[in-house]
There are 2 protein chains.
Amino acid sequence: MSEKLRQHIEEIIKLTDEEFEYVLSHFTYRRFLKNQYVIQNGDYAKYDYFVLNGLLKSWQIDEKGKSHIVLFATENWWISDPQAYHNQSNAILNVDCLEDSETLSISLENREKLCAEMRKMEYFFRKKTTAGYVASQKRILSLISYNAKQRYEYLIQQYPGLLQRVPKSLIASYLGISRETLSRLTSQRP
Amino acid sequence: MSEKLRQHIEEIIKLTDEEFEYVLSHFTYRRFLKNQYVIQNGDYAKYDYFVLNGLLKSWQIDEKGKSHIVLFATENWWISDPQAYHNQSNAILNVDCLEDSETLSISLENREKLCAEMRKMEYFFRKKTTAGYVASQKRILSLISYNAKQRYEYLIQQYPGLLQRVPKSLIASYLGISRETLSRLTSQRP
DNA sequence: CTCATTATGTGACAATTGTCCTTTGTCTTG
DNA sequence: CAAGACAAAGGACAATTGTCACATAATGAG
């Protein structure tokens, strides 16, 4: 099971068996059930979660009570409240499970410990964070330049099979439009 | 002048004079005039620019010909096309100057060279990228959860004095609304 | 200083999207 | 098997926002 984490890391740097065992010892395995909360708004966001399998989402409620999905996370994605995690502050986001899920989580202390002790892991986390930053920039571009239909197409390309796994009301919540508007978009025959 | 870069780096790690001189030797000083392009869509985005003074913006044109501003960069900000820079591909964004500006730029090769040679600089860039990632997440949250009025208030808080430096049509372009809608928002007396 | 250009505000109208409601079908659970 | 919960589509109407047109103010070049 932890092989998935190893493969994920080795896309960037190669590790010996001993090194990987040491890295792995800094992670905690945790299993969540469908609908279970991983992080709740206001909690201390202690961990960043690497998803082994299942499906999770991070989201926020606005002042009018509407929820907005920031991210869907499937196998090999990371999920947390990044702001709260890196600043060691209380979570603004919620993270919960759309399906039963298995994760490997790492605290910020352990992440910094690994970076300080292993040059390879500092390189890995630097590269991984850079990739996350670039992906965030793409998301920002899609939010400011694309209309809802284009964002929908980008979503189904980015998450193949997601439509079969989640209700369309959640897709609409990710896109920032109402369920009804999404329904109108997808029923158009262009 | 390069003292600004030193102060910026030393918010995260302390450097000796020799170390800073060595770091600085990997940057290139460059001056730009108002309206001059720093990066053009389709160009090879070789550099990441640290802004010493002036005001720049990064932006994109959508398929209908409307432009959307991604970022305003003033003193002590970094600006580039992150996706193109980190993936060594052609720019999707444009970067140009709203005022005469001075910058210190670093190529990806020199950045990686510094990271490989100086542990402190790898730490610096890791922390800086993490901060950029967190800031991007905040921008995503503001785009999906806030209405135009709230985004406007967040913008003037994030860039104090910007309203006095740029036309409102550019503010509207950053917020993703029309010039007229922005005008109506700001003339409301609530 | 003058003239042209740009920036800004506002009204009228169109287009888009949200909200509310009903209907239908599917799935879950006792 | 039946009842309730949930998901989805579509109609009617309201609210928001964009577009176009025009007037005025501010700015900049020669």
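Bear in mind the structure is a predicted one, so any value in this text is a computation, not a measurement. The basis for the numbers below is simple: all heavy atoms, side chains too, and nothing from hydrogens, waters or symmetry mates. Throughout, a chain's letter reflects where its sequence line sits, starting with A, and its residues are numbered from 1.
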query: Which distance, rounded to the nearest 0.5 Å, do you find between the CD of A/E180 and the CG of A/L185?
result: 12.0 Å
field: Ring centre gap for B/Y85 and B/Y47 strictly below 6.0 Å
entry: no
- prompt: Roughly how many Å is it from NE2 in A/H68 to P in C/dG18, rounded to a whole number?
  reply: 11 Å
- prompt: How would you label the contact of A/K66 with the nucleic acid (heavy atoms, under 4.0 Å): base, sugar-phosphate, or nothing?
  reply: sugar-phosphate
- request: Please list, chain by chain and in numerical order, all residues satisfying side-chain hydrogen bond (donor to acceptor under 3.5 Å, both in side chains) with A/Q150, sequence neighbours excluded.
  value: B/E63
message: Does A/R184 contact C/dG18 through a side-chain donor or acceptor facing the base, at a distance under 3.5 Å?
response: yes
message: Distance check needed: D/dA15 P versus A/K64 NZ, whole Å only.
response: 13 Å
- prompt: B/F50 and B/F27: aromatic ring centres closer than 6.0 Å?
  reply: no
task: Could you state the atom-to-atom distance from OH of B/Y152 to P of D/dT17 in whole Å?
output: 16 Å
- request: Verify the neighbour count for atom OH of B/Y159: are there more than 12 heavy atoms of other residues, nucleotides or ligands below 6.0 Å?
  value: yes
query: When the nearest nucleotide of DNA chain C is assigned to B/S183 and to A/R179 on a heavy-atom basis, which residue is associated with the more 5' position?
result: B/S183
- prompt: A/E180 CD to D/dA12 P: how many Å, rounded?
  reply: 15 Å
message: Strictly below 4.0 Å: does B/T181 bring a side-chain N or O up to OP1 or OP2 of D/dT17?
response: no
message: Just to be sure I understand the geometry, which residues of residues 158-172 of chain B put a non-hydrogen atom under 4.0 Å away from DNA chain C?
response: B/P167, B/K168, B/S169
message: Let me confirm one number: the OG-CD distance from A/S2 to A/E21, rounded to the nearest 0.5 Å.
response: 6.5 Å
query: What is the distance, rounded to the nearest whole Å, between atom CD1 of A/I177 and atom P of C/dG18?
result: 7 Å
query: A/L185 CG to C/dT17 P: how many Å, rounded?
result: 7 Å
field: Separation of D/dT17 P from B/N147 CG (nearest whole Å)
entry: 8 Å
message: Please report the distance, rounded to the nearest Å, between OH in B/Y146 and P in D/dT16.
response: 21 Å
